[in-house]
K.L.:
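After the structure tokens below, expect a handful of questions from me.
Every number for a ligand or one of its atoms is a count from 1 in the order of the listing.
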Amino acid sequence: MIRCKMAIARLVACFVLYSSLGHIPSSLGVILRTTDKIVWANEFEPIELTCLIESISTNNPRIEWKKIKNGVPSYVYFQNKIAGDLENRAQLREPANILIFNATRSDTAEYRCEVAAIDDQRDFDEILISLAVRVKPVVPRCSVPEAVTVGTSTELRCLENEGFPAPQYRWFHNNEELPQDPKNSAKFANSSYSINPDTGGLKFRRVRKEDAGEYYCQAKNDAGHAQCPTQLMEVYDVDILGIFLKVFGAVVGFLCLAVSICHSFRRGCFHKKGHNENNYNWPAQNSGVEYGDADEGHFRHKSSFVI
Ligand SMILES: *[C@@H]1O[C@H](CO)[C@@H](O)[C@H](O)[C@H]1NC(C)=O
Ligand SMILES: *[C@@H]1O[C@H](CO)[C@@H](O)[C@H](O)[C@H]1NC(C)=O
């Protein structure tokens with residue numbers, strides 16, 4: 001039964017095909033077809049844009065190809081010759097296909113195949129094909145902080161500008177890929193990072209000791225991938241630089257104070273000789289409360305007046 005049905009179906013199909021073939025030629029004129037209206041190619045590889053002629057009666061139709069980039073058309077096949085951007089880089093293949101030997105990123109554009117057949121009733125047809133050339137990412141630029149403090153937030157960045165389509169980013173920690181979401185991994189469950197695969201950012205909300213180590217990033221698209229060299233991120237318990245700066249600041253402050261005190265002592269001693277008691281008691285009423293020592297009070301009160 002099944003075999004019988006299939007045989008009948010095949011017969012019907014054959015008949016439909018035969019009758020349609022018998023009708024097309026001279027009555028409809030030139031008709032074009034392509035296998036792909038949207039074509040992806042890899043850079044530095046050959047690619048063929050197909051322009052198939054379904055039906056035609058004219059013997060020597062006029063074939064032209066135009067490249068349309070940013071709305072501006074230019075000839076790439078004209079008067080039976082490859083021209084313009086594709087000169088010496090392509091050839092026409094039967095029936096009207098164009099073969100680019102070595103695609104480059106600048107070939108990304110729309111291409112229009114136009115066939116004019118003067119002896120046909122319908123004497124013109126055209127077909128538009130859009131070509132996108134994939135470009136392998138180059139080595140991304142990565143920025144990894146050399147040292148961060150436990151508990152602070154930080155961001156590692158990765159950027160690549162050549163790849164087409166725009167690459168997706170992945171981060172590796174000590175040669176192991178960081179899962180997109182740390183919660184899904186037993187090993188990284190306690191880490192506070194988040195990865196944005198579109199922008200290349202690796203953000204830590206609170207850095208842990210365990211987050212220290214070697215990092216690199218990979219940029220990947222359909223044409224290939226590239227990665228930056230590993231960089232070391234160290235994680236400190238405390239902010240050593242901050243503490244150093246504070247200590248340094250305190251020492252400098254103390255020295256300044258000491259120098260100014262010494263200085264005023266000397267000036268105080270010097271002026272003491274030339275003034276009477278009344279003169280140098282007077283400023284004591286306005287200032288010097290912070291200097292508690294009674295014995296040294298003379299000089300200090302005096303000095304605050306002088307300064
Ligand atoms: C394609 O072109 C590039 C750059 O112009 C060149 O380096 C490469 O060798 C070419 N590839 C082939 C297969 O000709
Ligand atoms: C994550 O933290 C919990 C609780 O502090 C701990 O028991 C567990 O061992 C940690 N996991 C890892 C992989 O460090």
K.L.:
Can you check atom 2 (O) of ligand 1: any protein non-hydrogen atom closer than 4.0 Å?
P.N.:
yes

K.L.:
Looking at Lys187 and Glu176, is there a salt bridge between them, counting it only when a charged N and a carboxylate O are closer than 4.0 Å?
P.N.:
yes

K.L.:
I'd like to check which ligand 2 atoms, numbered from 1 as shown, lie under 4.0 Å from a non-hydrogen atom of Ala186.
P.N.:
13 (C)

K.L.:
Below 3.5 angstrom, do we get any N/O pair linking Arg208 and ligand 2?
P.N.:
no

K.L.:
A side-chain contact here means heavy atoms from C-beta on lying under 4.5 Å apart; do Leu86 and Ile100 qualify?
P.N.:
yes

K.L.:
Just need the protein heavy atom nearest to atom 6 (C) of ligand 2, so name the residue and atom and give the distance.
P.N.:
Asn190 ND2, 4.1 Å

K.L.:
With a 4.0 Å cut-off, strictly under, does atom 14 (O) of ligand 2 pick up any protein heavy atom?
P.N.:
yes

K.L.:
Nearest to atom 8 (C) of ligand 1, what protein heavy atom do you find, and at what distance?
P.N.:
Asn102 ND2, 3.7 Å

K.L.:
Tell me which protein heavy atom sits closest to atom 4 (C) of ligand 1, plus the residue, atom name and distance to 0.1 Å.
P.N.:
Phe44 CE2, 3.6 Å

K.L.:
Do the side-chain sulfurs (SG) of Cys113 and Cys51 come closer than 2.5 Å?
P.N.:
yes

K.L.:
For Cys217 and Cys228, is the interatomic SG distance under 2.5 angstrom?
P.N.:
no

K.L.:
Any protein heavy atom at under 4.0 Å, with atom 11 (N) of ligand 1 as the reference point?
P.N.:
yes

K.L.:
Do Val30 and Pro61 have side-chain heavy atoms sitting under 4.5 Å apart?
P.N.:
no

K.L.:
Test of understanding: clusters of I, L, V, M, F, W, Y form through side-chain heavy atoms closer than 4.5 Å, transitively. Do Val207 and Tyr216 belong to the same one?
P.N.:
no

